[in-house]
Each structure stands twice: as C-alpha cells, then as structure tokens.
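Only one structure is covered here, and it is reproduced in the block below.
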Amino acid sequence: MSFPRKTHWTKNITPGLDGKEVVLAGWVWDVRDIGNIKFILLRDREGLIQLTVKKGTVPEDVWNVVSSLNKEDAIVVKGIVKASRIAKAGIEVFPSEVYIVARSKALPIDIWGSVETDLDTRLRYRSVDLKRPVNSLIFRASSEVTRAIRDSLYNHGFIEVFTPKIIVTSTEGGAELFTVQYFERVAYLAQSPQLYKEELTASLERIFEIAPAYRAEKHNTNYHLNEFISVDIEEAFANYMDVMDILEDVIINVHDRVNRAFSDELNKYGIEVRNPRKPFRRITYDEALDMLGKRGLKVDWGEDVPKNGMEILSEEIGEPFFIIHFPTNIRAFYTKPLDSDPRISESFDLVMGGLEIASGSSRIHDRGQLTEALRKRGLNPESFGSHLMIYDYGMPPHAGWGMGLYRLLMVLLRRSNIREVVLYPRDRFRLEP
RNA sequence: GCCCCGGUAGUAUAGCCCGGUCCAGUAUGCGGGCCUGUCGAGCCCGUGACCCGGGUUCGAAUCCCGGCCGGGGCGCCA
C-alpha cells in the first residue's frame, strides 16, 4: 500500500499553517457523524486534531472512505489546514486524500474516558490502554525524566555504564533473588548493581547506570514491583554529603524539565508538578524518631521508619527531604559508619510522597573493615572473595545512591499506583503482557 | 509470610444483607436508522452478563463450603 509520508504531528498544526497542505498520520479517536457532514478526531502520540468532511465538497471516494471509518482505524490523511472560528480548537484540516492503512475492531476497553476501566483490566490490554492520551503523556514525561537525569549526571562528570543482570551471588543479602538456569549452573537476576558500581569507582571514578533490578519478594502493594528500573550512581573520592548534593540537583532538574515540557498538558489532567527548592531539609534519624514520638508513633531505635511514619514526616516537614544517619546495623553491609560514632552510619534516604525514593551512603573502602562488616551480618566473606580482592588495589573512598525510577515517576506524576507509570509491570501475579 | 475485601454483558456498575416480583436494571461500547458545524453531539431501534465446582432449598445472582482469579493493607524491600 502506498501513502504519503507524515509531515506533521497533530500538535504542530497551528493557525499559522492556514492554507498549507499537510500529511497527518494516526488513529481515528472519534467520528461525529451529523449526516452530510462528518468530523473525524485524529489522534497521534502528540495530540488530537479535527478533520472536517462535507459531502459534495470532497471527492466521492474520500467521502466513501471516511464513511467507512471505525474508531482506532490507522489512517494517513493529506489535507489543507484551515484556521477556523467554528471549530473549538480554532483549527481543522480538510482532507483531500484519506488512506486506511489498518482496520481496528471494537476495543476491549474504554480509552475515551466515558467509563473508567479497572487498572487490572487495563493492564491486561496494556498496548490498547496506552492509546489513551493521558498515557501517552505519562510516558513522554517519563522519557523526559530519564533524559533530565542523564543530563544532570553528565554535567557532574559521570559516565553511563551497564553491569551484568545475570549474576552468581547475592549482592547485598536482604531481598530474595530470582534464580535463572545458566547452562549447567544456577545463577540469579541482579537485585542491584551495587558491588559492580563500587568496583568501577576504582577505574572510571564517576559512573551511573539506569537499568532493571529484580526482587523476588511477594509483596502486594501499589508501590512495589518485582522488576523495576533503578538509577544508580557511584562516585570516587566523595562522601554521602557530596552525593546527596548531586541527588538534590537531579531531583530539581527533573521537576524543572518536566514542568518546562509538559506543565500545560499535565494541568489538563489535574496533575500539578511543583518545583522543589534547594536545599532539601535534612533531618537525622534520631530527630525523625523524636518527631514521630511527638505525633504518637513510637519507633524503637534500631527499627526502620515505617510507611506511615514517612507520611507523618512528609506532612511535618514538607517534601522532598532527607533522613540521614541511620543506625549502622539496619543498613547494608557496605555502609560506612560515622568515625565519631560507629553505631550510626553515613547514610541517607530521600523521601517524597511518603515514599522512600532513593537511598545512599558513604561506603567502606577498607578491606579489613568490609570483611568485618560482612561477618557481623552473618554473611560469608569467602563468597565475596572476587569483590573483596579489588580493595587491595587502591580502592578509593566512595559514595553513591540508588533511586527507584518508577517511584519517582509515581510521586512526580501523582499516580496512586506504581503500575500506572510502568509500560508492562511485573508483579506477584502479572507476568504478561 | 499475615490480615481484610471482591468476582454480574466488551467495559463500568445496580441487584446480594432480608432467596421467588430478575428469561437480571442502568451507562458506555458495538450493529442499524435520522440529521450539513459536531466538539461528553443528539434522538430512535437492536445486541449482549450472574468466575468454576459442590452443597442447602420446592426455588440460588442472592445462603454455605472449596478452588481459581483479582483488589487493598501490614511485613520485607527501592
């Protein structure tokens, strides 16, 4: 089938193009059939535009083709742009050629918004669901977020790397791992690039990775997934305070860039992204416990701050904010204790939307101390042999953080379920599509 | 791992508590018809469903048990 090449996105059809010929391509969003005049709403990734067809003023074959259109048929349209006072958007296109390049059956779910479809059902037909303009917006914004993150990190001298996702041992202990059959051996899906990125500071100094991570935990909440995208950085010759500054900068840039590119579109859906101000509040773990105590939530020293605690703190001090100086023994083994008090650590969490969005720390860079930390947690240093080896060859002091990209997106775009910001989420019961 | 809740047309829901009035109501979609400026288009006609298995009962969408699937919360985690 031959048809002309698309020349414009729908959003680029402006009154300034009045009288110009354009080629549009997309899907039939709606047909308003008034009899001898038909209005076709054409959707593409960037928006909607109205095509107007009047019987008698268009070629017979165009009229016939338009009369046969169904919702979601994929079409290519050549036509003349008309600035219009009658059309609500102030602009419409009068087609001279219409090519139906693919037909659509009736959709299994409502993407037009007259009936809200359950998230579960939407995810079952996810690629259909993604046709909804709000979803196009979410994933265009999502792309802008990762771009902002990359730009910020490059500006700080970081380079992007890729580490293996099929690994032989646990990297942190903690979360359960998925096993995979690796030829004649059992291997695991990486729960984090932690050890690799630390090792890389001994050569590449400042590195980041945006990649999937896997956790075989049977949780069932609206903010956990078994496969998620982790944004990880690690910096040589730096401590937790240095990398917190970088994280702060990343978060500021993400908000700013999303707002610049999408605030108008987001507002249409009632989504308001508020730019946070630097510096973010930094409260210590001890201060957090005090604040929670005053609000009637008792957390024992050495316990993690529970979910509702995060929410109370968010209310109390505004967002985003950092909690710093967690007890050493509730953090991962590689976390560096404070020199002045080894019971607490050079660590932090970034909290937004009552959720832990990122966490990081200074890392131990002394082999003896790291070996000791492994032992204290009941881990066997021998199984970390190839990792520990690198600490004999000039391992610099270093620090870093890991951030849950989907959590950031969820909070940023004010979605109540993390699955909304993931194209094809993997959770306890969802392995397809 | 623990606790709570749910499953009715393609989609979203009413009905269930208090069994019969339900060959299951409504909206939207879909099919057909009318209409030359719609923009949540409108009006008319039509279409289509009680998760699976067992039990109680004269009678089950409705009550009981089991299974499957899903939603929410806690824990663990990011």
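To find a chain, count down the sequence lines: A is the first, B the second, and so on, and within it residues start at 1.
Here B:A78 presents its P atom at 11 Å from CD1 of A:Ile330, a figure rounded to the nearest Å. In this structure, A:Leu123 places its CG atom 17 Å from P of B:C69, rounding to the nearest Å. As rounded to whole Å, 16 Å separates atom P of B:C76 from atom CD of A:Gln191. In this structure, CD1 of A:Ile418 is placed 13 Å from P of B:A78, rounded to the nearest angstrom. The CG atom of A:Asp110 sits 15 Å away from the P atom of B:G40 (whole-angstrom rounding). Rounded to an integer number of Å, the gap from CE of A:Met310 to C1' of B:C77 is 11 Å. Between the CZ atom of A:Phe326 and the C1' atom of B:C77 there is a distance of 13 Å, rounded to whole Å. Rounded to whole angstrom, the span from the CG atom of A:Asp120 across to the P atom of B:G6 amounts to 17 Å.
Within 4.0 Å (heavy atoms only), A:Gly35 reaches at least one base atom of the nucleic acid. Looking at heavy-atom distances under 4.0 Å, A:Leu119 makes no contact with the nucleic acid at all. In this structure, A:Lys55 reaches the bases: a heavy-atom distance under 4.0 Å links it to at least one base atom across the strands shown. Within the nucleic acid shown, A:Glu92 comes within 4.0 Å of at least one base atom, counting heavy atoms only. Nucleic acid contact for A:Arg124: none, since no nucleic acid atom lies under 4.0 Å from a heavy atom of the residue. Contacts of A:Ser230 with the nucleic acid, taken as non-hydrogen atoms under 4.0 Å apart, are absent.
Comparing the P positions of B:U13 and B:G67 gives an interatomic distance of 26 Å, to the nearest angstrom. Annotation: B:G20 and B:U62 have their P atoms spaced 11 Å apart (nearest Å). Straight-line distance between the C1' atoms of B:C52 and B:C23: roughly 23 Å, to the nearest whole Å. Taking the P atom of each, B:C76 and B:C2 are spaced 16 Å apart, rounded to whole Å. Comparing B:C64 with B:G19, their P atoms are spaced 12 Å from each other, to the whole Å. Rounded to the nearest Å, the gap between the P atom of B:G25 and that of B:G46 is 13 Å. Distance check on atom P: B:C77 versus B:C5 gives 28 Å, rounded to whole Å. A gap of 12 Å separates the C1' atoms of B:A61 and B:A14, to the nearest Å.
For A:Asn222 and B:G71, the shortest distance from a side-chain N or O to OP1 or OP2 is not below 4.0 Å. Contact annotation: A:Asn417 side-chain N/O to B:G72 OP1/OP2 distance is under 4.0 Å. Using a 4.0 Å cut-off, no side-chain N or O of A:Ser114 falls inside it from OP1 or OP2 of B:U11. Within the structure, every side-chain polar atom (N or O) of A:Arg122 is placed at least 4.0 Å from both OP1 and OP2 of B:A12.
The listed nucleotides are B:U36, B:C76, B:G71; the one nearest the side chain of A:Tyr223 is B:C76. Nearest to the side chain of A:Lys71, among B:A12, B:G29, B:G37, sits B:G29. Set against B:U36, B:C77, B:G75, the side chain of A:Thr221 has B:G75 as its closest nucleotide. The A:Pro108 side chain lies nearest to B:G10 when the options are B:G75, B:C39, B:G10. Of the candidates B:U36, B:G75, B:A12, B:A12 carries the atom nearest the A:Thr117 side chain, counting heavy atoms from C-beta on. Among B:A12, B:A78, B:U38, the nucleotide with an atom closest to any side-chain atom of A:Asp118 is B:A12. Here the nucleotide nearest the side chain of A:Ile34, chosen from B:C35, B:G71, B:C30, is B:C35. Taking only side-chain atoms of A:Arg407, from C-beta outward, the nucleotide of B:G70, B:G37, B:C77 with the closest atom is B:C77. Comparing atom distances between the A:Val115 side chain and each of B:U38, B:U11, B:C77 picks out B:U11 as nearest. For A:Thr52, the listed nucleotide lying nearest its side chain is B:G37; candidates were B:C76, B:C35, B:G37.
Between the side chains of A:Glu72 and A:Ser104, no donor-acceptor pair of N or O atoms lies under 3.5 Å. If you check the side chains of A:Thr201 and A:Glu234, you find no donor sitting under 3.5 Å from an acceptor. No side-chain donor from either of A:Thr117 and A:Arg124 sits under 3.5 Å from a side-chain acceptor of the other.
Judged by Watson-Crick or G-U wobble contacts below 3.5 Å, the nucleotide B:G42 has B:C34 as its partner. Applying the Watson-Crick and G-U wobble criteria (two distances, each under 3.5 Å), B:G29 pairs with B:U47. Across all strands shown, B:C2 forms a Watson-Crick or G-U wobble pair, both distances under 3.5 Å, with B:G73. Pair assignment for B:G53 gives B:C65, based on Watson-Crick or G-U wobble hydrogen-bonding distances that are each under 3.5 Å. Across all strands shown, nothing is found opposite B:C18 as a Watson-Crick or G-U wobble partner with both distances under 3.5 Å.
Between A:Phe158 and A:Phe208, a ring centre-to-centre spacing not shorter than 6.0 Å is recorded. Outside the 6.0 Å centre-distance limit, the rings of A:Tyr214 and A:Tyr188 are not counted as a close aromatic pair. A ring-centre distance under 6.0 Å is found for A:Phe384 and A:Phe333.
Put simply, A:Phe228 rests on the base of B:A78: the two rings are less than 5.5 Å apart at their centres and nearly parallel, under 30°.
Between A:Tyr285 and A:Trp301, the ring planes are perpendicular. Angles over 60° get that label, and only those under 30° would be called parallel.
The base of B:U38 is paired with the side chain of A:Gln50 by a donor and an acceptor separated by under 3.5 Å.
Sequence order on RNA chain B of the closest nucleotides to A:Ile37 and A:Ile109 puts A:Ile109 first from the 5' end. Nearest-nucleotide assignment on RNA chain B puts the 5′-proximal partner with A:Asp427, out of A:Leu225 and A:Asp427.
For the side-chain contact (heavy atoms from CB on, under 4.5 Å) criterion with A:Ile323, the lone passing option out of A:Met310, A:Glu356, A:Glu287 is A:Met310.
With hydrogens and angles disregarded, a donor-acceptor distance shorter than 3.5 Å links the side chain of A:Thr7 to the backbone of A:Val23.
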